[in-house]
Amino acid sequence: MTTAEDIYARMQASILDYDPDAAKAAAREAVAAGLNPVEALEKGFAEPLRKQGEAFDRMEIFLPQLVMAADAMKAGVALLEEALKAGGGALVKKGVVVLGTVEGDIHDIGKTVVAAMLQANGYEVHDLGVEVPATRFIQAAQETGAHIIGLSALLSTTMLYQRDVVELLRNKGLKERYFVIVGGAPVTQAWADQIGADAFARDAVAAVRVLDGRREEWSR
Ligand code: B1M
């Protein structure tokens, strides 16, 4: 009998082997077996991808291999996305979010997962993509009537652009109008406090929990 651990092992192997077809097949298996898509994503794909990042750091693998590992994960995530979105089934629209990866940063996997989880839990999400300039976040928030601006950053250099967005909002007298949530691998609660963001979330599940828990602040 195939267990969840067998499926996770196949998912992990697909990332370590840089094999998008195997990633898709394993993700399909995870969905068919009814595994929790959040857990499958974390154990099956995110853990081995982080291992690849560490190997890259130690110069055991090179950038093209890291790109191939990420591409394999993206192929698998695309199949899990529907299951992630179906998970919440919320009928009430809780709020409008504009979300993107900040200027200078091309990492989009975590941001896409956050977008899927928020959508699954009743938020209307406008995903602005990657390398989004501060002015674009604000323009999109105004155009969509957003309550929340979500800023993802994966590099210790680009997290500085999260601060730029908060500062630009302040300079335009718009800071009180939007609830700003920040996240990404190098981002911490201390950083969020330092730059004056309203909230920090460590992962996609926490992002939903934080926004759900603080609704009165951003619907003010
Ligand atoms: Co990059 N990269 N990378 N990379 N990469 C990191 C971030 C790094 C830690 C790897 C390492 O060296 N060990 C390192 C950063 C070091 C630092 O600044 N401290 C690094 C580097 C250096 C670079 C380049 C500069 C390498 C180079 O060119 N020399 C370059 C940067 C290019 C650029 O952006 N300008 C680069 C490029 C790439 C690839 C293109 C190869 C690829 C990205 C492909 C893609 O996204 N399409 C890549 C990858 C895959 C990684 C690692 C290995 C994995 C990132 C990932 O997708 N994780 C990463 C190592 C690591 O993170 N430990 C690394 C899986 C994803 C599900 O998790 O993105 O953390 P994550 O998202 C989570 C949470 O962070 C959180 O929820 C998500 C889901 O649970 N979250 C939020 C994220 N955003 C949020 C927003 C929120 C709330 C929560 O609210 C709004």
Side-chain angles (χ1 to χ4, degrees), residues 11-12 15-16 18 20 23 38 41-78 80-81 84 97-119 125-138 140 148-168 180-211:
M11 293 171 81
Q12 289 161 358
I15 305 299
L16 300 175
Y18 318 115
V38 178
L41 186 121
E42 178 55 32
K43 285 197 180 159
F45 289 146
E47 268 179 26
L49 188 63
R50 278 195 289 270
K51 278 195 191 130
Q52 294 283 32
E54 286 155 19
F56 171 73
D57 227 10
R58 294 192 298 269
M59 293 169 74
E60 289 166 10
I61 64 166
F62 298 98
L63 195 58
Q65 288 155 298
L66 190 57
V67 173
M68 288 191 295
D71 284 349
M73 171 154 177
K74 282 181 81 171
V77 166
L80 288 180
E81 234 176 301
L84 284 170
V97 186
V98 295
L99 175 72
T101 304
V102 296
E103 188 165 351
D105 198 325
I106 63 168
H107 294 87
D108 72 345
I109 299 173
K111 179 263 305 159
T112 304
V113 172
V114 172
M117 283 298 289
L118 290 176
Q119 271 174 277
V125 178
H126 299 267
D127 186 340
L128 306 181
V130 298
E131 298 192 277
V132 181
T135 49
R136 176 72 193 120
F137 278 108
I138 295 171
I148 300 149
I149 299 179
L151 307 170
S152 178
L154 264 286
L155 300 171
S156 41
T157 47
T158 59
M159 59 195 268
L160 301 178
Y161 291 113
Q162 295 180 327
R163 184 180 59 196
D164 283 5
V165 177
V166 177
E167 277 179 5
L168 191 58
V180 178
I181 178 167
V182 293
V187 180
T188 59
Q189 182 65 57
W191 172 248
D193 293 343
Q194 190 184 324
I195 66 174
D198 297 289
F200 157 73
R202 196 176 54 82
D203 56 33
V205 174
V208 173
R209 198 174 48 237
V210 166
L211 291 182

Exercise: identify the closest heavy-atom pair between Gln162 and Ser152: NE2-C, 3.9 Å
Would you compute the distance between atom CD of Gln194 and atom CD of Gln189 and round it to the nearest 0.5 angstrom? 12.0 Å
Please set out all donor-acceptor pairs under 3.5 angstrom arising from side-chain atoms of residues 106-118, sequence neighbours excluded.
unit_1: His107; atom_1: ND1; unit_2: Asp105; atom_2: OD1; d: 2.7
unit_1: Asp108; atom_1: OD2; unit_2: Lys74; atom_2: NZ; d: 3.2
unit_1: Lys111; atom_1: NZ; unit_2: Asp127; atom_2: OD1; d: 3.1
unit_1: Lys111; atom_1: NZ; unit_2: Asp127; atom_2: OD2; d: 3.1
unit_1: Thr112; atom_1: OG1; unit_2: Asp108; atom_2: O; d: 2.6

Min side-chain heavy-atom separation Val165-Val180 under 4.5 Å: no
Taking all atoms of both residues into account, what is the closest heavy-atom pair of Val187 and Phe200, and its distance? O-CE1, 3.1 Å
Do the side chains of Asp71 and Pro20 get nearer than 4.5 Å, heavy atoms only? no
In Å, rounded to the nearest 0.5 Å, how long is the span from CD of Glu47 to CG of Leu16? 11.0 Å
How long is the gap from CZ on Phe137 to CD1 on Ile149, to the nearest 0.5 Å? 8.0 Å
Would you please test Thr135 and Leu168 for side chain to side chain contact (heavy atoms under 4.5 Å, CB included) and show each step? CA-CA 8 Å; Thr135 49; Leu168 191 58; 3.9 Å; yes
Is the shortest heavy-atom distance from the side chain of Ile181 to the side chain of Ile148 under 4.5 Å? yes
First locate atom CD of Glu167, then atom CD1 of Ile195, and finally report the distance between them rounded to the nearest 0.5 Å. 9.0 Å
Quick one: pull up CD in Glu103 and CG in Leu151 and give me the separation to the nearest 0.5 Å. 12.0 Å
Mind listing the closest non-hydrogen atom pair of Phe62 and Phe56 along with its distance? C-CD1, 4.0 Å
Among Val182, Asp164, Thr158, Leu160, which one satisfies side chain to side chain contact (heavy atoms under 4.5 Å, CB included) with Val102? Thr158
Minimum heavy-atom separation for Pro186 and Ser156, please, with both atom names. CG-N, 4.1 Å
The reported gap from CE in Met59 to CG in Asp57 (rounded to nearest 0.5 angstrom) is 10.0 Å
Closest non-hydrogen atoms of Ile15 and Gly44, given as atom of the first, atom of the second and distance, are CG1-O, 4.2 Å
Side-chain heavy-atom pair Gln65, Gln52 within 4.5 angstrom cut-off: no
Please name the pair of heavy atoms, one in Val77 and one in Phe45, separated by the smallest distance, quoted to 0.1 Å. N-CE1, 4.0 Å
Could you tell me whether the side chain of Ile61 reaches within less than 4.5 Å of the side chain of Tyr18, counting heavy atoms only? yes
With the threshold set at 4.0 Å, does a side-chain nitrogen-carboxylate oxygen contact exist between Arg136 and Glu131? no
